[in-house]
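One-based numbering, in listed order, for ligands and for the atoms of each.
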Amino acid sequence: IIKNAQIPEGKGIQDYQSVYNAIASKIEEHLDFDKGAGYYGQLVRLSWHTSGTYSKYDNTGGSYAGTMVYAPESSDGENAGLAVGRDFLVEFKDKFPWISRGDLWTLGGVVAVQEAGGPKVPWRPGRTDLYDAASVPANGRLPDASRDGKYVRDLFKRMGFNDRETVALIGAHCLGQCHTYNSGFDGAWGPQFNRFTNDFYVRLLGGWHVRKWDGKKQYQDDETNTFMMLPTDIALKEESYFLKYVKEYAKDEELFFKDFAKAYSTLLELGVSYPRGSKPFIFKTVEEQED
Ligand SMILES: Nc1cccc2nccn12
């Protein structure tokens with residue numbers, strides 16, 4: 001099925017900048033949420049999971065129709081906890097009734113990345129709320145973090161990403177933390193999880209060992225035994241085709257920012273057909289708008 005972008009009548013960049021600003025100020029009001037993680041990781045994960053159901057093999061899934069509210073996607077175990085992000089954003093559906101779920105959920109991720117100090121992420125509107133059972137992707141397309149590098153490579157390849165783009169995208173793990181009551185994994189990867197930086201790669205290249213606990217297999221840092229990484233995180237340094245990019249990004253934050261912005265922008269648009277040459281919006285941060 002062709003999913004053509006349809007921009008709401010008469011809406012332009014200023015309308016979407018107003019939504020951006022409303023989301024950003026709500027993030028600012030809740031910086032202490034989840035022991036200081038705030039909503040950055042929540043919003044990025046929502047934007048990624050609504051888009052990461054895409055398959056290039058049959059052009060199904062993706063953020064177009066905002067289908068995460070429908071079965072079976074709504075009950076996909078990999079989406080556990082995403083109601084936090086959806087509930088955080090739902091008031092903006094009322095405040096800006098012309099915005100679609102897909103546009104709101106992907107825009108929320110762009111706000112989180114930019115307001116956490118990350119790169120500018122080009123973004124285009126036009127995703128359209130739609131319900132037909134056939135357009136809801138089957139569960140099983142989102143990554144199971146217990147798996148290995150080959151699995152990660154094939155899963156991101158299904159979305160159309162190469163090894164460099166895959167490693168760049170996973171760098172978003174610099175935001176947020178894991179909760180046993182959602183994913184079953186536990187803890188934060190480092191001391192700071194509310195700023196967008198390349199620190200995830202720097203720490204990943206340090207020493208990690210399997211954590212001794214009664215939960216799912218995950219890793220703990222050798223130095224302090226307080227931080228975590230997932231098996232799929234550690235896989236990025238076990239596979240040579242990923243490790244080369246982990247090292248590049250650990251050394252060069254600017255390169256990470258450039259590659260991430262491009263890959264993340266592409267991720268959020270998977271499955272959406274835009275008119276040829278339609279120009280994406282680049283939103284100003286709150287800081288850039290202060291007189
Ligand atoms: N923030 C976060 C979420 C999920 C996985 C993960 N690994 C390292 C950090 N991290």
Just to verify, which of Y245, F242, F256 counts as forming a ring pair (Phe, Tyr, Trp, His ring centres under 6.0 Å) with Y201? F256
Taking only heavy atoms of M229, which atoms of ligand 1 are found under 4.0 Å from at least one of them? 8 (C)
Between F200 and ligand 1, which residue portion shows a heavy-atom distance shorter than 4.0 Å: side chain, backbone, both, or neither? side chain
Below 4.5 Å, heavy atoms only, C-beta onward: do D15 and I99 meet side chain to side chain? no
Among all protein heavy atoms, pick the one closest to atom 7 (N) of ligand 1 and tell me residue, atom and distance. D233 OD2, 2.6 Å
Output the list of atoms in ligand 1 that are nearer than 4.0 Å to some heavy atom of G176, sorted by atom number. 1 (N)
Side chain, backbone, both or neither: S183 near ligand 1, heavy atoms under 4.0 Å: neither
For C178, the ligand 1 atoms with a heavy-atom partner under 4.0 Å come out as 3 (C), 4 (C), 5 (C)
Can you report which non-hydrogen protein atom sits closest to atom 5 (C) of ligand 1, along with the distance? L230 CD1, 3.2 Å
Side chains of Y219 and L230: does their closest heavy-atom pair fall under 4.5 Å? no
Pi-cation contact, W48 with R45 (under 6.0 Å, within 45°): no
To check your reading of the model: name the closest protein heavy atom to atom 2 (C) of ligand 1, its residue, and the distance in Å. H173 O, 3.7 Å
Atom NZ of K247 with >12 non-hydrogen neighbours under 6.0 angstrom: no
The salt bridge (Lys or Arg N to Asp or Glu O under 4.0 Å) partners of K26 (sequence neighbours excluded) come to E91
